[in-house]
Amino acid sequence: MMKEEEHMSFMRRAIALAIEGVESGAGGPFGAVVVKNGEIVGEGYNHVTSSCDPTAHAEIVAMREACQKMNTFQLEGCILYTSCEPCPMCFGAIYWARPDKVYYAATKEDAAEALFDDAFIYKELSLPSSNRRIPFLPLLNQEGKAPFESWMDKEDREAY
């Protein structure tokens with residue numbers, strides 16, 4: 001079991017990465033570290049603007065590196081340290097990756113004060129899909145079920 005000092009050390013690394021990312025011009029002020037058994041297995045900072053990739057958030061970058069390094073698509077047994085409370089996209093990715101725990105430093109309210117406000121996304125999620133700012137419209141629903149049928153018929157599928 002890790003001591004509080006170790007947790008604080010990993011969080012300070014995530015915060016330092018956030019600052020490094022800002023100073024390098026890579027993207028927004030966010031950093032993240034993935035730890036397993038007291039060792040960093042993945043880390044990163046935001047690369048959205050420098051990589052022209054809207055998904056290159058710090059948490060995603062760190063989780064991708066950890067998963068590649070450990071040759072897995074899940075982070076069971078890991079702890080994620082992030083310099084800020086995760087956005088909705090990262091929140092979802094974290095749940096898919098299944099780390100044991102997440103620690104964050106700044107809050108989503110702190111991020112909003114710095115003009116990183118995700119509240120509108122939560123509001124959009126609660127709207128009917130056709131009433132969202134970007135409409136989500138169903139098309140070819142019956143044909144769209146074919147990949148799921150193929151998946152269910154696959155005997156050697158790896159569930160996740």
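These figures come from a predicted structure and were not determined experimentally. Keep in mind that the numbers below use all heavy atoms, side chains included, and drop hydrogens, waters and symmetry copies.
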ask   = Among all residues two or more places apart in sequence or in another chain, which pass the salt bridge (charged side-chain N to carboxylate O under 4.0 Å, His left out) test with Lys3?
value = none
note = So the side-chain hydrogen bond (donor to acceptor under 3.5 Å, both in side chains) pairs with at least one residue in residues 46-67 (sequence neighbours excluded) are Asp53-Thr55, Thr55-Arg64, Glu59-Thr82
inquiry  = Once side-chain hydrogen bond (donor to acceptor under 3.5 Å, both in side chains) is applied, what residue pairs with a partner in residues 119-142 remain, sequence neighbours excluded?
reply    =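 Residue pairs with at least one partner in residues 119-142: there are none.
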How close do [X] and [Y] get, counting heavy atoms only, and between which atoms?
X: Ala32; Y: Leu17; result: O-CD1, 3.6 Å
X: Cys90; Y: Ile60; result: SG-CG1, 3.9 Å
X: Ala97; Y: Met63; result: CB-SD, 3.9 Å
X: Val61; Y: Glu43; result: CG1-O, 4.2 Å

[atom1] of [X]: more than 12 outside heavy atoms within 6.0 angstrom?
X: Glu76; atom1: CD; answer: yes
X: Asn71; atom1: CG; answer: no
X: Phe120; atom1: CZ; answer: yes

Considering only distance and modelled atom types, tabulate donor-acceptor pairs under 3.5 Å from the side chains of residues 21-28, sequence neighbours left out.
from: Ser24; atom 1: OG; to: Glu20; atom 2: O; distance (Å): 3.2
from: Ser24; atom 1: OG; to: Gly21; atom 2: O; distance (Å): 3.0
from: Ser24; atom 1: OG; to: Ala26; atom 2: N; distance (Å): 3.4

Per-pair distances, 0.1 Å, donor-acceptor, side chain in residues 103-110, under 3.5 Å, sequence neighbours excluded:
from: Thr107; atom 1: OG1; to: Glu109; atom 2: N; distance (Å): 3.3
from: Thr107; atom 1: OG1; to: Glu109; atom 2: OE1; distance (Å): 3.3
from: Thr107; atom 1: OG1; to: Asp110; atom 2: N; distance (Å): 3.1
from: Thr107; atom 1: OG1; to: Asp110; atom 2: OD2; distance (Å): 3.1
from: Asp110; atom 1: OD2; to: Thr107; atom 2: N; distance (Å): 2.8

Arg157 side chain to Met152 backbone, donor-acceptor under 3.5 Å = yes
inquiry  = Using a 3.5 Å distance criterion without hydrogens, assess whether the side chain of Ser83 forms a donor-acceptor pair with backbone atoms of Gly31.
reply    =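 Side chain of Ser83 to backbone of Gly31, a donor-acceptor pair under 3.5 Å: yes, one is there.
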task = Identify, with sequence neighbours excluded, every residue that meets side-chain hydrogen bond (donor to acceptor under 3.5 Å, both in side chains) alongside Asp117.
result = none
request  = Find the distance between NE2 (His7) and CD (Glu5) and round it off to the nearest 0.5 Å.
outcome  =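 Answer rounded to 0.5 Å: 11.0 Å.
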task = Establish, yes or no, whether a centroid distance under 6.0 Å links the rings of Tyr160 and Phe73.
result = yes
